[in-house]
A.B. asks: 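Structure in C-alpha cells, see below.
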There are 2 protein chains.
Amino acid sequence: MATLKDVAELAGVSVKTVSNVVNGYSFVKPENERKVREALAATGYKPNVGARNLRRGRTGFIALMVPELSIPYFGELAGGVITAAHTHDWSVLIEQTQGMRDPEVATLASLGPHMVDGAIISPEALLTDDLTHNPTGVPMVLLGEHALDVPIDHVGIDNVQAARIAVRHLISMGRNRIAVIGQNPDRGTATQRLAGYHDALNEVGLTCPPEYVAPAVRYHHRDGAEAMARLLALPEAPDAVFCFNDMLAHGAVRAAAERGYHVPQDIAVVGFDNTEHSKYSLPSLTTIAPDKAALAKAAVNLIHERSNGDSSPVQDVQIPFTLEVRESTTG
Amino acid sequence: MATLKDVAELAGVSVKTVSNVVNGYSFVKPENERKVREALAATGYKPNVGARNLRRGRTGFIALMVPELSIPYFGELAGGVITAAHTHDWSVLIEQTQGMRDPEVATLASLGPHMVDGAIISPEALLTDDLTHNPTGVPMVLLGEHALDVPIDHVGIDNVQAARIAVRHLISMGRNRIAVIGQNPDRGTATQRLAGYHDALNEVGLTCPPEYVAPAVRYHHRDGAEAMARLLALPEAPDAVFCFNDMLAHGAVRAAAERGYHVPQDIAVVGFDNTEHSKYSLPSLTTIAPDKAALAKAAVNLIHERSNGDSSPVQDVQIPFTLEVRESTTG
DNA sequence: GTGAAAGCGCTAACAT
DNA sequence: ATGTTAGCGCTTTCAC
C-alpha cells in the first residue's frame with residue numbers, strides 16, 4: 001500500500017507538499033501539483049484513515065447502539081442514521097445489546113474517544129444511574145427512552161401526545177372498551193404512552209379496568225399475541241387495543257384472527273412505529289408514524305454540534321409524527 | 001484521556017511493563033503488576049484502539065455492504081454478522097448502497113486495508129467486471145449474488161435446489177398453474193431460482209406460459225403487489241405463485257386479497273428468505289428459510305481465515321436451508 | 001511555496 | 001523481568 005512518503009519520493013517533493021495536495025491546502029506550485037497528481041495516480045495512493053485520525057484526534061466513526069438490528073424499527077432507524085452520518089463524513093459502527101442491561105453497559109464502556117467521535121444509543125434496560133456520568137467520554141444522544149434526570153441530549157417524539165391521539169382515534173371510531181398492550185414499568189416510553197392513553201380516556205369520561213392494561217417484557221410478535229389471547233379471554237373482552245409497537249400489534253391481530261375475531265369489526269388495533277410492513281399487512285395497520293429520517297438526522301446533527309464544541313444546555317429534540325389511519329381501525 | 005505513558009509514570013514503571021500487563025504478555029513482577037493495576041484503575045485507562053491497530057497493522061473493523069438495512073432480510077443478516085464478528089474482536093461498519101451500482105462501486109473503492117480488515121458484501125447491481133480485480137485490497141466475501149467467474153469467496157444457499165423444493169411443494173399441494181414473481185436478468189439469484197422453478201415443472205411434465213414469469217426490478221412489497229395484479233388479470237390466472245423473496249410474497253398476498261382472492265384457497269403463495277414477520281402474517285407465509293446465522297458466521301470466518309494468510313483456492317460455501325410450510329400454501 | 005522534524009498512542013525489537 | 005527506542009502513516013508547527 002502506497003504511503004504519503006512513497007508518493008513524495010516518486011514525485012520528487014516532500015511529504016508536506018503531497019499532504020497539501022491531498023487535503024487541498026494552501027498554494028502549491030502548479031508544476032509540483034501536477035507531478036504530485038501523477039504520482040498519486042501512479043501509486044494508487046489512498047490515505048490511511050486510521051493514521052490520519054490518530055493525528056487529527058478524531059476517529060471518523062460514530063457508534064449506534066440498538067437492541068437488535070433484526071427488529072424492523074431498528075433496521076429502518078439504522079438505515080437513516082447511516083445516511084445522515086455520511087453527510088458529516090462519518091461511518092457508522094453498529095452494536096447490538098439484545099435490550100439487556102449488561103451488554104448495554106458493556107458496550108457503553110467499550111466506546112471511547114479513541115474508537116468513536118460520538119454515540120447514538122437506544123437503551124432499553126439501562127438505569128438512570130448508568131448514565132448520570134457519561135460513560136463514554138464522547139458526545140452521546142439518547143433515542144426513545146428518556147431517563148429524565150440524565151444530563152444527556154435526547155431525540156424522540158412526544159409519546160404522551162402520540163398515545164393520546166392514537167386512543168382518541170379509537171374513541172372516534174366508536175370504541176369504548178379500549179385496552180393497551182405493552183405496559184412495562186422499566187420502560188419510560190411505556191409509562192408515557194400509558195399516560196397518554198389514560199388522558200384520552202379521561203377526556204371523554206371513559207374508564208379503564210386494570211385488566212385492560214396488558215404488560216409486555218419484550219415487544220415482539222409473540223408477546224403481542226400472548227397479551228391479546230389473555231385480553232380476549234376476559235369476561236368482557238375489549239373492542240379495541242392500542243399496542244406500544246407494531247410488532248406487538250401484528251402479533252395481537254394474528255392472535256385475534258386465530259380465535260375467530262375480525263379486525264377491525266370485532267376488535268380494532270392500533271400500533272406504534274409504522275414499520276414498512278404495516279402498510280401491506282392484512283389488515284393494514286393503523287399506527288403512529290414518527291418521522292424516522294428526521295429522528296436520525298437530528299441525532300447525528302446533535303453529535304456533530306457537540307463534537308464541534310457546542311456546550312449549550314442539554315437538549316431534548318421533539319420529532320414530528322402522524323397517525324396513519326389504515327384498515328385495522330376502519331375496515 | 002489517560003495514555004499508557006501516564007499510567008507508567010503513575011505506577012513508576014516503564015510503558016512496556018504497563019503494555020505487558022494490559023495485554024497479558026510475559027511475566028511481570030507481582031509487585032509491579034499490582035502497582036500497574038492500581039494506576040490503571042486510578043487513571044481509568046482505556047487503550048486507544050486506533051493507535052494499537054495502526055501499530056499492529058490491523059484496523060479492528062470489517063465492513064458489511066448491503067442495499068438497505070430497512071429491508072428485514074438485511075437487518076436480520078446484519079445482526080448475525082455483528083454477532084459473529086464479535087467472536088473475532090471485530091466491530092462492524094455498515095454501508096448502504098440502495099442496490100445501485102454506482103454506490104456499490106464507490107463503497108468498494110472507499111474501503112481499504114486502512115479502514116477495514118475485510119468486507120462482506122451483498123451486491124445487487126455490480127457487474128462481473130467490477131470484481132475481477134478485488135477493488136478493496138482486503139479479504140472479501142460475496143453474499144447471495146454469485147458472479148460465477150469472479151475470484152472471490154462466496155457464501156450462500158443452493159438457489160436452484162431451494163427453488164425446486166419450493167415449487168415441488170406447490171405441485172404436491174395440487175397446483176398446476178404456477179407462476180413466479182421476481183424474474184430479473186441482472187440478478188444471478190433470480191436466474192438460478194427461475195431455473196429451479198423450471199426444473200420442478202419439468203419433472204412432472206408441467207409447462208409454464210411465458211406470461212407466468214413476472215419480472216421485478218426491486219424486490220419490495222409494491223413490486224410484488226403489482227406483479228400479482230398483472231398475473232390475476234391474465235385470461236387464465238395462476239393458482240399458485242412462487243415469489244423470489246418474502247416482501248414480494250407479502251405484497252402479492254395483499255394484492256390478491258384486495259381483488260377478492262383467498263390465499264391459499266384460490267391462489268397459494270410461497271416466499272423466500274423467511275423473515276421474522278412471515279411467521280405472523282395473515283396468512284402466515286410458506287417460505288424458503290436459509291440458516292441466516294450460519295450464513296453470517298461462515299462469511300465472518302472466511303474473512304478471518306483469509307486475513308490470517310489463508311490463500312487456499314476460492315471457496316463457495318453452501319449454507320443449509322429448509323422449506324417452512326405455513327398457511328399460505330396449506331390454509 | 002516547500003522541506004525537516006516532531007509527535008499522536010501504541011507495540012515490538014533490542015538491550016539490560 | 002523490565003526499560004529504551006524506533007516507527008506505524010499522517011498532520012502540523014517551524015524554518016527556509
Side-chain angles (χ1 to χ4, degrees), chain A residues 1-37 39-40 43-61 89 110-117 137-138 307, chain B residues 1-40 43-61 89 111-117 137-138 307:
Chain A
M1 206 71 214
T3 74
L4 222 43
K5 198 170 149 223
D6 298 333
V7 179
E9 280 172 9
L10 184 61
V13 299
S14 80
V15 215
K16 175 68 162 78
T17 305
V18 182
S19 176
N20 282 342
V21 171
V22 170
N23 293 294
Y25 286 161
S26 68
F27 295 72
V28 178
K29 204 191 292 177
E31 187 197 329
N32 278 339
E33 164 143 12
R34 187 187 49 73
K35 284 197 289 191
V36 170
R37 295 213 174 280
L40 245 22
T43 53
Y45 172 81
K46 280 199 278 185
N48 180 325
V49 184
R52 168 182 292 170
N53 288 330
L54 173 62
R55 185 59 238 233
R56 284 194 180 154
R58 61 107 74 179
T59 69
F61 301 109
D89 274 323
S110 79
L111 265 26
H114 310 311
M115 167 134 290
V116 294
D117 298 327
V138 296
S307 66
Chain B
M1 207 72 212
T3 72
L4 221 45
K5 201 171 145 219
D6 298 333
V7 180
E9 280 171 10
L10 184 62
V13 300
S14 81
V15 257
K16 176 65 162 76
T17 305
V18 182
S19 177
N20 281 343
V21 172
V22 170
N23 293 294
Y25 286 162
S26 67
F27 295 73
V28 178
K29 202 190 294 175
E31 186 196 331
N32 279 339
E33 165 142 11
R34 187 186 49 73
K35 284 196 290 189
V36 169
R37 295 215 174 278
E38 277 171 15
L40 244 23
T43 54
Y45 171 81
K46 279 199 279 184
N48 181 324
V49 185
R52 168 180 294 170
N53 288 330
L54 174 63
R55 181 62 236 232
R56 284 192 179 154
R58 59 110 72 180
T59 69
F61 300 109
D89 273 323
L111 265 27
H114 309 311
M115 167 136 291
V116 295
D117 298 327
V138 295
S307 66

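Below, chain A is the first sequence line, B the second, and so on; all start at residue 1.
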A.B. asks: Enumerate the protein-to-nucleotides 4-8 of chain C contacts in which both atoms are nitrogen or oxygen and the separation is below 3.5 Å.
C.D. replies:
unit_1, atom_1, unit_2, atom_2, d
C:dG7, N2, A:Arg55, NH1, 3.2

A.B. asks: Examine C:dT2: is either OP1 or OP2 under 4.0 Å from a nitrogen or oxygen in the side chain of A:Asn20? Give yes or no.
C.D. replies: no
A.B. asks: Under 4.0 angstrom, heavy atoms only, what part of the nucleic acid is A:Asn53 near: base, sugar-phosphate, or nothing?
C.D. replies: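 It contacts nothing in the nucleic acid.
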A.B. asks: A:Asn23 has an atom CG; how far is it from atom P of C:dT2, in whole Å?
C.D. replies: 15 Å
A.B. asks: Within the structure, does a side-chain N or O atom of A:Arg52 lie under 4.0 Å from either OP1 or OP2 of D:dT11?
C.D. replies: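 Yes.
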A.B. asks: Nearest whole angstrom, please: distance from the C1' of D:dT2 to the NZ of B:Lys35.
C.D. replies: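 One finds 12 Å between C1' of D:dT2 and NZ of B:Lys35, rounded.
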A.B. asks: Mind checking B:Asn32 for me? I need base, sugar-phosphate or nothing, with any heavy atom below 4.0 Å counting as a touch.
C.D. replies: sugar-phosphate
A.B. asks: My understanding is that only one of B:Val21, B:Val22, B:Asn20 makes a side-chain contact (heavy atoms from CB on, under 4.5 Å) with B:Val18; could you say which?
C.D. replies: B:Val22
A.B. asks: Pairs under 3.5 angstrom only: tabulate donor-acceptor contacts from the side chains of residues 48-57 of chain B to other protein residues two or more places apart or in another chain.
C.D. replies:
unit_1, atom_1, unit_2, atom_2, d
B:Asn48, OD1, B:Gly50, N, 2.9
B:Asn48, OD1, B:Ala51, N, 2.9
B:Asn48, ND2, A:His114, ND1, 3.3
B:Asn53, ND2, B:Val49, O, 3.2
B:Asn53, ND2, B:Thr59, O, 2.8

A.B. asks: If each of A:Lys5 and B:Gly12 is mapped to the nucleotide of DNA chain D with the nearest heavy atom, which maps nearer the 5' terminus, i.e. the 5' end?
C.D. replies: B:Gly12
A.B. asks: Roughly how many Å is it from CZ in B:Arg58 to P in C:dA12, rounded to a whole number?
C.D. replies: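 So the CZ-P distance, B:Arg58 to C:dA12, works out to 12 Å.
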A.B. asks: Are any of B:Thr17's side-chain N or O atoms less than 4.0 Å away from OP1 or OP2 of D:dG3?
C.D. replies: yes
A.B. asks: Regarding B:Arg37 and B:Glu33, does a basic nitrogen lie under 4.0 Å from an acidic carboxylate oxygen?
C.D. replies: yes
A.B. asks: If you look at every heavy atom in B:Thr43 and B:Ala2, which pair is closest and at what distance?
C.D. replies: CB-CB, 3.6 Å
A.B. asks: Is the shortest side-chain heavy-atom distance between B:Ser307 and B:Val138 below 4.5 Å?
C.D. replies: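 They are not in contact (no side-chain heavy atoms under 4.5 Å apart), so the answer is no.
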A.B. asks: Using atom CG of B:Leu40 as one end and atom C1' of C:dG9 as the other, report the distance to the nearest whole Å.
C.D. replies: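 So the CG-C1' distance, B:Leu40 to C:dG9, works out to 15 Å.
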A.B. asks: Do B:Leu10 and B:Asp6 come close enough that some side-chain heavy atom pair is under 4.5 Å?
C.D. replies: no
